[in-house]
Number of protein chains: 2
Amino acid sequence: MRRMTARPGNAHQARLLRLLRDGGPNSRAQLGDQVDLSRSKLAVEVERLLETGLVVADGLAASRGGRRSHNIRLAPALRFLGVDIGATSIDVAVTNAELEVLGHINQPMDVREGPVAVFEQVLSMAAKLKASGLAEGFDGAGIGVPGPVRFPEGVPVAPPIMPGWDGFPVREALSQDLGCPVMVDNDVNLMAMGEQHAGVARSVGDFLCVKIGTGIGCGIVVGGEVYRGTTGSAGDIGHIQAVPDGRPCACGNRGCLEAHFSGAALARDATDAAHQGLSQELAARLEAAGALSAIDVAAAAAAGDATALDLIREGGTRTGQVIAGLVSFFNPGLVVIGGGVTGLGHTLLAAIRTQVYRQSLPLATGNLPIVLGELGPTAGVIGAARLISDHLFSPA
Amino acid sequence: MRRMTARPGNAHQARLLRLLRDGGPNSRAQLGDQVDLSRSKLAVEVERLLETGLVVADGLAASRGGRRSHNIRLAPALRFLGVDIGATSIDVAVTNAELEVLGHINQPMDVREGPVAVFEQVLSMAAKLKASGLAEGFDGAGIGVPGPVRFPEGVPVAPPIMPGWDGFPVREALSQDLGCPVMVDNDVNLMAMGEQHAGVARSVGDFLCVKIGTGIGCGIVVGGEVYRGTTGSAGDIGHIQAVPDGRPCACGNRGCLEAHFSGAALARDATDAAHQGLSQELAARLEAAGALSAIDVAAAAAAGDATALDLIREGGTRTGQVIAGLVSFFNPGLVVIGGGVTGLGHTLLAAIRTQVYRQSLPLATGNLPIVLGELGPTAGVIGAARLISDHLFSPA
DNA sequence: TCCCTTTGTCCACTCAGTGGAAAAAGTAGG
DNA sequence: CCTACTTTTTCCACTGAGTGGACAAAGGGA
């Protein structure tokens, strides 16, 4: 089946497509109210979009006291693929043109296996989604990788935790394999886009999205657009010094935030505590599973284990110190906390909040919500779908 | 005399005015090369600008082998006023439409005297510049104040070092007194704009401009535009924690960067060192002047005084630690160091560079220049003139 | 003087976009 | 069923920005 062959021919058409995508109005009249075009012009542009097949007019809406309007919507057969490659697992989802997740699967995978092995698995996951009847093909795919990306080319650069990926032409390779347009970005940026599109950050122009997983990163949104920095490494806050002369870090420095708090650091601390006999709860879990992860710490904390709670609080305090600095610097309208350790929940959030509200200036924190992400693991894949749809729904 | 009564009527005209301001080409043909308009359309827009009097066509340029071109330039009588209100002094300058400084005066003044007293002095300084024949009147004025500003309204908000200024309608008041349009911004942002327009940051899209004076602030430029944050306090890095459990700060916290290094902190440290007999050089200066300032420390350092050098190096290291974090986060293409303590020169710069290059990730620092500002005290006033000219050279 | 180059002007034409009128298709009430 | 009123959509003449080609103006070099 031929997929989405057309692109919007001008800015108006792109604007209309995005309005329709974002759950906007669906009659010509309602579209006209939002798009500041005369009805005549609007009708022309809609007509052209109908000709391309990107949108369809199916049926009539209920009357509101006058002539019934036509239902204008994005082509129901459009499908986007959202791929979120994490350090230890892969998420793949299919969405429709409105970016609603139709199917979502997650499989464990170590990125360090390299791009070839990873993409093989991604393709098999995509094939599985296709086989389940959710899609006949994909009109575009967004890919998130856990490291810096040279965005225009879609190529990872010097990724610390992804040996073998440096310079690999992800965009080009996947575009060939999938047979559709592909865009690549940092996983943290995609999470930010996901929360912006469908999560807690709707209608916020400037915000930070801190993702705490195996590592720590921060998505930066300025004026509704993701800011990527000069070389694409913006938001790499995992190696900001949180503790002077603190723990040695893989990057060669000491006291990096990531060395003191992250999924990996938390698991290590919990294991140490179990070995030292500080917590029966953790020791029991270590005994049972052979190794501890952040999830075990979350469970222990939920069971009221004091040691686990202390670990979370201390990590939250460290993270809060760093975020406090960023808040003073960036003066965001919102801070979103997400990633694998979101399971640590409100204990973590409270520690972060306390530290930020204490250390940052009142003018910056006065009206600053600090909240957990709302979408969990789907934030990344929704963000990925949004990335490619933003690309495709822009003038050719 | 009636001043600039007209504004560009559309985006093309605004574009042309800015091109002419920024020292661009000056014949219709050369303008056409840069502005992506047909010669016909361009001629029409230029004609309209000529009618408004904003630009003039005077004389013919030398031939380059064909018909000689007309010299198109901004009206030579246009004058902008740039005002930079610091914590302890005021800078006022007149510029022409190309933002070249025609006259510049500086006078000591304590902002804490309040807006009324300060504006009285600003007006008398402006009058002095007028009296010297540099201007017959002002077509617009830009004002920088040492604290956060609610930018759209031009009103300071909760300024820590400017009691009495909170909520004072600076823009409205000065606009009445001067009889011309006025724009107000944070002094640090104006310094960034100045260095961007005529200094080291030309042609850099994303950069940071750290101003170390009585306090410490940071101008943030994203995609060529100043980023001000949600409440206008972005860049307020003086109260980021630099030393855990460090010195008490006026803001109520401990260990703020500003408490450990700034013009004020440096003067205090130097005075302590002199009293403790650590430096004969500093003690002699204290004896002679009755009090020490950052300038004395700079002089002592230049004379080779070890204590002064140590103080500067330590301050630079602290500052470098904070900047290192910001570089990891923001991934700028350039870092500019400016403000009153620029006199500390390369000792300071070296300490900052060492710390940033050591602590930040290679991908962010790989091609990152860290340099001193090029314009010194004129950066602020040029930035101020640029602020108002950007405003006036935009469609009405 | 002839030919070439560069700059600037003129003019007919295209096309995006507007706004008003009218048609289409409904609801509500008698 | 008929009338009055709404809302949505279509139609169409008109405006005005912008284009591109032809041409005039003004110079240089052989």
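So you know, we letter chains A, B, ... as the sequences are listed, proteins then strands, and number each from 1.
- Between the CG atom of B:Asp36 and the P atom of D:dA17 there is a distance of 18 Å, rounded to whole Å.
- A donor N or O paired with an acceptor N or O is not found under 3.5 Å between the base of C:dG8 and the side-chain atoms of B:Ser27.
- The distance between atom CG of A:Asn71 and atom P of C:dA25, rounded to the nearest whole Å, is 16 Å.
- For the pair A:Lys41 NZ and D:dC14 C1', the interatomic distance rounds to 16 Å; values are reported in whole Å.
- Looking at B:Ser69, its side chain has no donor and acceptor atom pair within 3.5 Å of the base of C:dG8.
- For the pair B:Leu60 CG and D:dG27 C1', the interatomic distance rounds to 11 Å; values are reported in whole Å.
- Here the C1' atom of nucleotide C:dA24 and the NE2 atom of A:His70 are 9 Å apart, to the nearest Å.
- The neighbour count for B:Gln176 CD, taken as heavy atoms of other residues, nucleotides or ligands under 6.0 Å away, does not exceed 12.
- Among the nucleotides C:dT18, D:dG20, C:dT9, the one closest to any side-chain atom of A:Leu37 is C:dT18.
- Put simply, the side chain of B:Arg67 and the base of C:dT6 share no donor and acceptor less than 3.5 Å apart.
- Here B:Leu42 contributes atom CG and B:Ile72 contributes atom CD1; the two are 9.0 Å apart, rounded to the nearest 0.5 Å.
- B:Thr231 and A:Asn331 form a side-chain donor-acceptor contact under 3.5 Å, judged by distance and modelled atom types alone.
- Which of C:dC10, D:dT9, C:dG8 sits closest to the side chain of B:Ser40 comes down to C:dC10.
- Rounded to whole Å, the distance from CD on B:Gln30 to C1' on C:dG8 is 14 Å.
- Taking a cutoff of 4.0 Å between a charged side-chain nitrogen and a carboxylate oxygen, A:Arg48 and A:Glu51 do not qualify as a salt bridge.
- A sub-4.0 Å separation between OP1 or OP2 of C:dG17 and a side-chain N or O of A:His12 is present.
- Regarding A:Glu45, its CD atom lies at a distance of 9 Å from the C1' atom of C:dA16, rounded to whole Å.
- A straight line from CD of A:Gln13 to C1' of C:dA16 spans 12 Å, rounded to a whole angstrom.
- Taking the six-membered ring for Trp and the full ring otherwise, the centers of A:Tyr227 and B:Tyr227 sit at least 6.0 Å from each other.
- Here the side chain of B:Ala29 is nearest to one of C:dG8, D:dT19, D:dT9, namely C:dG8.
- Distance from the side chain of B:Arg68 is smallest to D:dG27 among D:dG27, D:dG20, D:dA25.
- The nearest heavy atom of DNA chain C to A:Arg39 and to A:Asn10 marks one nucleotide each, and the one closer to the 5' end goes with A:Asn10.
- In terms of phosphate contacts, B:Arg28 brings a side-chain nitrogen or oxygen within less than 4.0 Å of OP1 or OP2 of C:dT9.
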